[in-house]
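A note on names: the letters A, B, ... follow the listed sequences, proteins ahead of strands, and every chain is numbered from 1.
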Protein chains: 2
Amino acid sequence: MIPFKSRDKSKKRAAILNGAIDVFINMGYELASMDKIAETAGVSKRTVYNHFGSKENLFQAIVNDFLAQRQSLKTITYDPEKSLEEQLIAFANAEIFLIDSPRRVQISKFLTMVFLKDTAYAKATVAKYPPVYDMLLAWLKEAEKDGKIITDNLLLTARVFYALVEGAITYPALFSGGINKSAVEPMLEEIIATFVAKYGNDKNTVEI
Amino acid sequence: MIPFKSRDKSKKRAAILNGAIDVFINMGYELASMDKIAETAGVSKRTVYNHFGSKENLFQAIVNDFLAQRQSLKTITYDPEKSLEEQLIAFANAEIFLIDSPRRVQISKFLTMVFLKDTAYAKATVAKYPPVYDMLLAWLKEAEKDGKIITDNLLLTARVFYALVEGAITYPALFSGGINKSAVEPMLEEIIATFVAKYGNDKNTVEI
DNA sequence: AGTTATTTATACTATACAGTATAAATAATA
DNA sequence: TATTATTTATACTGTATAGTATAAATAACT
C-alpha cells in the first residue's frame with residue numbers, strides 16, 4: 001500500500017538522531033541500547049525502528065550526516081596574492097571545523113573509536129567522500145609552480161602538513177574533549193610556521 | 001586458609017592474557033565474552049576468574065602490562081657530540097616502539113579506543129607512568145643551552161615534535177594496522193628535518 | 001604414594017538487549 | 001468531521017553474557 005500522502009517526519013528523525021548521538025557518545029555503540037536511545041530522544045522505541053530499521057542503520061545515518069557536513073566545506077584554491085600562512089590556516093581550519101563545537105568533537109571522537117575498531121569499514125566509508133589530501137596537493141602544486149613552496153615530494157609534504165594539524169590539534173582535542181581558542185591559536189601559528197620553515201621558499205636567507 | 005605452598009601460575013596467567021588480548025582486539029571490550037577468552041586462551045572459564053576475578057580486572061592487567069613496557073624504555077640524555085637529527089630519531093623511536101610489532105600495534109589500537117571512550121580513565125592511567133614529554137623537555141633545554149636549538153617556548157616545541165611523530169607515524173599505523181620500515185623511514189627523516197628546519201640553529205644560512 | 005593447589009567440565013542464575021506484535025492513541029489533511 | 005499516516009504503550013521472544021556452583025580431574029610437591 002502506497003501511502004496516500006506522506007507527512008513530515010523530519011522533526012522526529014532529527015530528535016532520534018540527536019538522542020542517538022548522545023547515547024552513542026556516552027555509552028559507546030555496544031552499550032547504547034535502543035530503549036535508552038528512544039527514551040533520550042523522547043520517542044517510542046517503535047518509532048526509532050520505523051525510522052531507521054535497526055541500530056546499525058541508525059548508526060550509519062549518523063555517520064553519513066556527519067561526513068556530509070565535511071564534504072560541504074568550500075574548496076580552497078591557490079592565491080598568489082595571499083601569504084602562504086594565511087592560505088595554510090584555511091586548510092587547517094577545515095580540519096579544525098570537525099572539532100570546533102562541543103557536539104562535533106563528541107561525534108569526531110565517537111567516529112574515531114568506531115573507525116579504529118573496524119578500519120576496513122573506516123576506509124570504505126571515508127572513500128565515499130572527497131579525499132582531504134587532494135585539495136592540499138593541488139594547492140601545493142600551484143604554490144610550487146609559483147616558487148613559494150620548495151619540495152621534491154608533494155605527497156610527503158602534504159602528509160607532514162596534516163600530521164602537524166592532526167597531531168597537534170585534532171587528536172589532542174579528542175582526548176581533552178574540546179578545544180579552547182586561546183590555546184589552539186598559538187599552536188596553530190606554531191605548526192604553520194614549522195611547515196613554512198621547512199617548505200617555504202625563504203628568499204631572505206642564503207647559504208654561506 | 002593460607003595455601004601450604006603456592007605453585008607457579010605464571011604460564012596460565014600468560015596464556016590468559018594472550019588470549020584475552022586476541023579477543024579484545026578482534027571483538028572490542030564489550031563484545032569480548034569471557035567464554036570466548038577462555039576458549040582462545042585454551043583454559044577453562046573458571047581459571048580465568050580464578051586468576052583475574054572479573055573482566056574488568058583482566059582488562060586492567062593487560063593495560064598495566066603494556067604500559068609498564070613503555071616505562072622501561074631507556075632514558076635519552078642530550079649529547080653535544082651527536083647531531084640533533086640522530087638524537088631526535090631516538091625520541092621518535094621510543095614512540096615508534098609502541099607500534100613496531102604487529103602485536104604492539106594491535107594493543108596500541110585497542111588502548112587508544114578504550115582511552116577515547118573514557119578519557120578520564122585514560123588520564124588517570126597514563127598519569128601512573130612517567131610523562132613522555134618530560135624527557136624531551138629536558139633534552140631540549142640542554143640543546144638550547146648548547147646553542148643548537150632556538151625556541152622561546154620549550155613546551156610548544158616539544159608538542160610540535162610529538163605532533164609530528166604521532167600525526168605522521170603513530171596514528172596512521174593504528175589505522176593501517178602496522179608500519180613497514182621502508183615507508184616509515186622516509187617519513188621519519190622528513191619530520192625530523194621539518195623539526196630541525198624550524199628549531200635548529202642553522203649557522204650555515206644568514207639573513208640578507 | 002599421599003597431600004593439596006590448581007584446573008576442568010558442566011550446568012546454572014540473573015540480567016540485558018535487539019527486534020517484533022498488537023491495539024490503541026494522536027494528529028495532519030481533505 | 002472523516003480519513004489515515006504516524007506514533008505510542010505494553011508486552012513479548014530469543015539470544016547473549018558476566019559471574020557462580022559443584023564435584024571431579026590433574027599435577028606439583030613432600
query = How would you list all residue pairs meeting ring pair (Phe, Tyr, Trp, His ring centres under 6.0 Å) that involve residues 12-35 of chain A, not counting sequence neighbours?
reply = A/F24-A/Y29, A/F24-A/F110, A/Y29-A/F59
query = Could you give all pairs that pass the ring pair (Phe, Tyr, Trp, His ring centres under 6.0 Å) test and reach residues 177-197 of chain A, with sequence neighbours left out?
reply = A/F161-A/F195, A/F195-A/Y199
request  = Could you list the residues that satisfy side chain to side chain contact (heavy atoms under 4.5 Å, CB included) with A/D152, not counting sequence neighbours?
outcome  = none
ask   = If only side-chain N and O atoms of B/H51 are considered, is one of them under 4.0 Å from the OP1 or OP2 phosphate oxygen of C/dT7?
value = yes
query = Among pairs that include at least one residue of residues 14-24 of chain A, which meet salt bridge (charged side-chain N to carboxylate O under 4.0 Å, His left out), considering only residues two or more places apart or in two chains?
reply = A/D22-A/R103
query = Axis-to-axis angle across the helix from C/dA1-D/dT30 to C/dA30-D/dT1, five pairs an end, to 10 degrees?
reply = 20°
message = Can you list everything that forms a side chain to side chain contact (heavy atoms under 4.5 Å, CB included) with B/V126? Sequence neighbours excluded, please.
response = B/F115
key: Residues forming a ring-ring contact (aromatic ring centres under 6.0 Å, His included) with B/Y129, sequence neighbours excluded   = none
query = Counting only non-hydrogen atoms, which of residues 9-21 of chain A are less than 4.0 Å from DNA chain D?
reply = A/K9, A/K12
request  = Return the set of residues passing side-chain hydrogen bond (donor to acceptor under 3.5 Å, both in side chains) with B/E144 (not counting sequence neighbours), or none when no residue passes.
outcome  = none
message = The criterion is side chain to side chain contact (heavy atoms under 4.5 Å, CB included); which residues satisfy it with A/M135, sequence neighbours excluded?
response = A/T75, A/I76, A/F91
task = Determine which pairs satisfy ring pair (Phe, Tyr, Trp, His ring centres under 6.0 Å) with at least one residue from residues 66-87 of chain B, sequence neighbours left out, and list them in order.
result = B/Y78-B/W139
inquiry  = Base, sugar-phosphate or nothing for A/D8? Non-hydrogen atoms, less than 4.0 Å.
reply    = nothing
remark   = Quick tally for nucleotides 9-27 of chain D: nucleotides whose base has a protein heavy atom under 4.0 Å get B, sugar-phosphate-only ones S, the rest -, giving --------SSBB------B
key: Spatial distance of atom CZ (A/R70) from atom CG (A/L98) [nearest 0.5 Å]   = 4.5 Å
task = Please state how far atom CD1 in A/I37 lies from atom C1' in C/dG19, giving the value in whole angstrom units.
result = 13 Å
